[in-house]
Structure formats: structure tokens, C-alpha cells
Colleague: 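Sharing a structure, written as C-alpha cells. Questions coming.
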Amino acid sequence: MFLSFAPMEGLTDAVYRRVHRRFFPEADRYYAPFIAPDAAGQFRRSHLLALRPEENGDIDLVPQILTNSADAFLAAAGTLAELGYREVNLNAGCPSGTVVSKHKGAGLLGDLAALDAFLNAVFSKAPVAVSVKTRLGLHSTAEFPALLAVYNRYPLSELIVHARDREGMYRSRPDRAAFAAAMADCRCPICYNGDVFTPSDHASLRREFPTLERVMLGRGAVTNPALFRVLRGGKALEREELRAFHDALLEARLAAGLPPVFALARMKELWYYMIWLFPDSARLYKAVNKSRNLAAYRDAVSALFSGAAFDPAARFGG
Ligand SMILES: Cc1cc2nc3c(=O)[nH]c(=O)nc-3n(C[C@H](O)[C@H](O)[C@H](O)COP(=O)(O)O)c2cc1C
């Protein structure tokens with residue numbers, strides 16, 4: 001099974017990916033959180049720097065582009081091709097209101113003709129392979145057959161399907177029946193994404209789709225960074241290992257020049273997920289969240305690691 005790490009804006013930045021790869025090398029591929037080019041295809045310098053090959057070592061990394069302009073997509077893809085990338089991914093799934101209202105992300109799914117024209121322009125000139133990460137629809141998963149008919153007109157290198165519609169945000173139950181239909185009709189390699197948090201989630205997905213070859217993991221993997229290893233039959237995450245990973249990540253963020261206040265914000269964002277591994281730790285978690293400087297944060301994290309129960313089999317969301 002080919003297992004990839006989902007793009008997670010605010011979480012799986014270049015530093016995270018590097019440190020994750022060092023401690024848990026079992027993911028086959030990482031997708032970088034989206035970059036949003038302007039009309040000329042330019043994107044933020046910090047995004048460009050984070051995608052330089054030297055920031056990403058031997059990681060198989062696919063950058064992702066969020067736009068509804070084929071020209072902007074092609075210009076950004078050209079820049080990424082110059083950096084050495086051979087594939088870029090189109091974001092057709094972001095559910096945020098401000099993105100969707102501009103017909104970007106999942107907003108691309110609301111107008112089949114516009115999507116078709118966009119893909120037509122992209123695939124007629126793309127300098128690299130193009131994959132798509134899509135939801136099953138904007139308002140309903142029943143929209144997917146018509147969307148897939150559009151995708152099937154183009155030589156996508158992969159179609160990653162987050163098996164919800166946009167209205168389901170990150171909460172609705174993934175629509176496995178709609179995914180089954182997609183799998184039957186999709187003309188390119190298809191990847192399943194959505195709520196695979198534990199080995200038993202993965203096992204039930206494999207039972208339901210025995211021929212499925214690709215799965216993308218998001219929240220489950222930021223909750224339990226050893227999830228890729230565990231799904232491959234390796235040992236469970238250990239408390240000391242998580243501690244070492246955490247400490248290395250914090251130090252790497254600081255060494256990369258992130259001001260402590262931003263480094264702390266990033267680490268707290270991650271704790272929103274990792275805290276599920278520490279059941280009944282509300283009081284200790286509160287101290288982590290409330291910490292205002294590095295010293296207080298480090299003390300609070302030490303208290304959590306030494307004082308809270310740890311359950312490596314715990315599931316994101318309980
Ligand atoms: C905080 C957060 C940030 C995300 N950022 C991105 C992103 O940059 N690009 C993208 O395609 N999806 C993004 N996603 C969606 C995930 O890649 C994934 O599709 C979603 O979480 C479902 O998978 P999961 O159930 O395994 O988490 C994000 C999700 C979350 C919760």
C-alpha cells in the first residue's frame with residue numbers, strides 16, 4: 001500500500017516534514033500545504049524558500065497549488081519545475097468560506113464548465129505531471145459522477161479523493177459508497193483520503209476496497225506520527241520517541257529562525273492533535289496551551305510527558 005502524508009496547512013511545513021522523515025521514515029510521499037499564487041503566478045517568498053530541494057532532503061514531495069486561474073497555475077508550476085519538481089497537485093478541496101467564495105479549492109467543483117476549461121488549459125501546457133486532490137462535490141457527494149467525467153478527460157497523474165463534500169467540512173462521515181463508484185470509473189490512479197486514523201480504520205478500508213493501492217493520511221498522522229509505521233505492521237509509538245520527536249521539532253523550528261512566539265503557536269497547533277494520545281490530560285494540556293514563553297512551554301510539556309497517561313492506540317477525535 002502506497003501511503004502518503006496529506007498536506008496540512010499550519011502543521012506539515014518543511015521543518016515538520018524533515019523532522020518527521022528523520023524519526024518516522026515510513027511515509028512514501030508528502031504533499032506540501034497549498035501555495036496560492038497571485039494572477040502572475042508569483043507566490044510568497046517564504047513558500048518558495050520552503051520548497052527548495054535543500055529544505056526537503058530525500059523526501060518525495062509534491063507541492064500543491066490553490067488557484068482558479070490556469071495562467072497562474074502554469075506560471076507557478078513552471079517555477080516549481082525549475083526547482084526540480086516533476087509533479088504538482090491542484091487543490092480542489094479546500095472548504096474555507098473565503099476560498100470557496102472565490103471559486104477556488106472546493107469552489108472549483110461548483111461549475112463543471114469552468115473546471116473543464118481550467119483543466120483543458122492546464123493540461124495543454126503543463127510543464128510537469130499534474131495530480132488533483134478533490135472532494136466529492138460542493139453541496140453533495142452525488143455531484144461526483146459528473147465531476148469524474150470531467151477529470152477523466154485529462155491525463156491526471158493521480159486523483160486523490162477526500163471522500164466528503166465541501167459542506168461536510170472535516171466532520172461528515174466519508175461517503176464510501178460514492179468513493180466505490182469513483183474507484184470503478186476513475187481512469188487514473190486513485191487515492192483514498194478521509195478519517196483513516198488507526199490500524200482498524202485502515203483494515204476496514206482495505207476489506208471494503210481490496211484493490212485500493214493508495215491511501216493518504218492527515219489528522220491521524222499528525223496525531224500519531226508513527227501511524228505510517230504502525231499501518232505497515234511496525235511497533236507502536238513510544239512515549240519517549242514522541243518526546244524526542246517533539247523536542248527535535250521545536251529545536252528545528254527555532255534553528256530555522258522562527259521567532260519563539262511563532263514556534264510556540266505552531267507547536268500548540270500540533271498539540272490540538274497529539275493530545276489525543278494522552279487521555280484525561282485536560283489540566284496538563286491547559287498549561288501547555290496557556291504557556292506564553294519557551295520556558296513555560298517546555299515546563300508544561302515536560303509535566304505532560306511525565307505526568308499524563310499515554311495511549312499510543314488512541315484515536316484522533318476519541
Ligand atoms: C488544519 C488542516 C489543514 C489542511 N491543509 C490542507 C492543505 O493545505 N491542502 C489540502 O489539500 N488539504 C488540506 N487539509 C485537508 C487534509 O489534507 C485532508 O484532506 C483532510 O484532513 C482529510 O483527511 P484526514 O481525515 O486523514 O485528516 C487540511 C486539513 C486540516 C485539518
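Nothing here was measured: the structure is a model prediction, and the numbers come from that model. All residue numbers refer to positions in the sequence shown, counting from 1. All ligand and atom numbering here is 1-based and tracks the order in the structure.
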Colleague: Does any N/O atom on Arg164 come nearer than 3.5 Å to any N/O atom on ligand 1?
Modeller: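 No: no nitrogen or oxygen of Arg164 is under 3.5 Å from one in ligand 1.
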Colleague: Any chance you could measure Arg18, atom CZ, to Leu249, atom CG, to the nearest 0.5 Å?
Modeller: 10.0 Å
Colleague: In terms of atom number and element, which parts of ligand 1 are under 4.0 angstrom from non-hydrogen atoms of Ala6?
Modeller: 17 (O)
Colleague: Return the closest protein heavy atom for atom 3 (C) of ligand 1 as residue, atom name and distance.
Modeller: Glu9 N, 3.3 Å
Colleague: Going by the order shown, which atoms of ligand 1 are within less than 4.0 Å of some heavy atom of Asp195?
Modeller: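 Counting atoms of ligand 1 from 1, those under 4.0 Å from Asp195 are 24 (P), 25 (O), 26 (O).
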Colleague: Closer than 4.0 angstrom: is that true for some heavy atom of Phe316 and an atom of ligand 1?
Modeller: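 It does not, in that no heavy atom of Phe316 comes within the 4.0 Å cut-off of ligand 1.
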Colleague: Within 45 degrees of the ring normal and closer than 6.0 Å to the centroid, is that where the cationic atom of Arg176 sits relative to Tyr192?
Modeller: yes
Colleague: Non-hydrogen atoms of Gly194 versus ligand 1: any pair closer than 4.0 Å?
Modeller: yes
Colleague: Report, in ascending order of atom number, the atoms of ligand 1 lying under 4.0 Å from any heavy atom of Pro33.
Modeller: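 Counting from 1, the qualifying ligand atoms are 8 (O).
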Colleague: Kindly assign one of parallel, tilted or perpendicular to the pair Phe310 and Phe278, based on the angle between their ring planes and the thresholds 30° and 60°.
Modeller: tilted
Colleague: Between Glu251 and Arg298, does any NZ, NE, NH1 or NH2 come within less than 4.0 Å of an OD or OE carboxylate oxygen?
Modeller: yes
Colleague: Considering heavy atoms of the protein only, find what lies nearest to atom 29 (C) of ligand 1 and give residue, atom and distance to 0.1 Å.
Modeller: Tyr170 OH, 3.4 Å
Colleague: To the nearest 0.5 Å, what is the distance between OG1 (Thr79) and CD (Glu82)?
Modeller: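 So the gap between those two atoms works out to 6.0 Å.
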Colleague: Taking atom 9 (N) of ligand 1 as the point of reference, which of His162, Gln64, Met169 owns the nearest heavy atom?
Modeller: Gln64
Colleague: Pick from Leu109, Leu147, Leu148, Thr141: which one makes a side chain to side chain contact (heavy atoms under 4.5 Å, CB included) with Leu136?
Modeller: Thr141
Colleague: By number and element, which atoms of ligand 1 are closer than 4.0 Å to a non-hydrogen atom of Arg219?
Modeller: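 Listed by number with element: 21 (O), 24 (P), 25 (O), 26 (O), 27 (O).
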Colleague: Provide, to 0.1 Å, the distance between atom 12 (N) of ligand 1 and the closest protein heavy atom, together with that atom's residue and name.
Modeller: Lys133 NZ, 3.0 Å
Colleague: Distance under 4.0 Å to a non-hydrogen atom of Phe197: what atoms of ligand 1 satisfy this?
Modeller: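 Listed by number with element, the hits are 25 (O).
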Colleague: Looking only at protein heavy atoms, which one is nearest to atom 30 (C) of ligand 1, and what is the separation?
Modeller: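 Nearest neighbour among protein heavy atoms for atom 30 (C) of ligand 1, to 0.1 Å: Met8 CE, 3.8 Å.
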Colleague: Step by step, would you call Ser4 with Asp28 a side-chain contact (heavy atoms from CB on, under 4.5 Å)?
Modeller: CA-CA 6 Å; Ser4 58; Asp28 290 305; 5.9 Å; no
Colleague: Within this structure, what is the CZ-CD1 distance for the pair Arg44 and Ile35, rounded to the nearest 0.5 Å?
Modeller: 11.0 Å
Colleague: Over 60° means perpendicular and under 30° means parallel, so tell me whether Phe24 and His20 are parallel, tilted or perpendicular.
Modeller: tilted
Colleague: Pick, from Pro7, Ser4, Gly317, Gly218, the option with the minimum heavy-atom distance to atom 16 (C) of ligand 1.
Modeller: Pro7
Colleague: Is the gap between the ring centers of Tyr272 and Tyr285 under 6.0 Å?
Modeller: no
Colleague: I'd like to know whether Tyr30 forms a side-chain hydrogen bond (donor to acceptor under 3.5 Å, both in side chains) with Thr12, so could you lay out the CA-CA distance, the side-chain angles of the two residues, the decisive distance to 0.1 Å, and finally the verdict.
Modeller: CA-CA 9 Å; Tyr30 295 70; Thr12 62; over 6 Å; no
Colleague: Test your reading of the structure: does Leu11 have an N or O sitting under 3.5 Å from an N or O of ligand 1?
Modeller: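 There is no such contact.
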Colleague: Has Tyr273 got any heavy atom lying under 4.0 angstrom from an atom of ligand 1?
Modeller: yes
Colleague: Which of the numbered atoms in ligand 1 are under 4.0 angstrom from any heavy atom belonging to Phe34?
Modeller: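 Those qualifying, in numeric order: 7 (C), 8 (O).
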Colleague: Please say whether Asn193 places an N or O atom under 3.5 Å from an N or O atom belonging to ligand 1.
Modeller: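 There is such a contact, yes.
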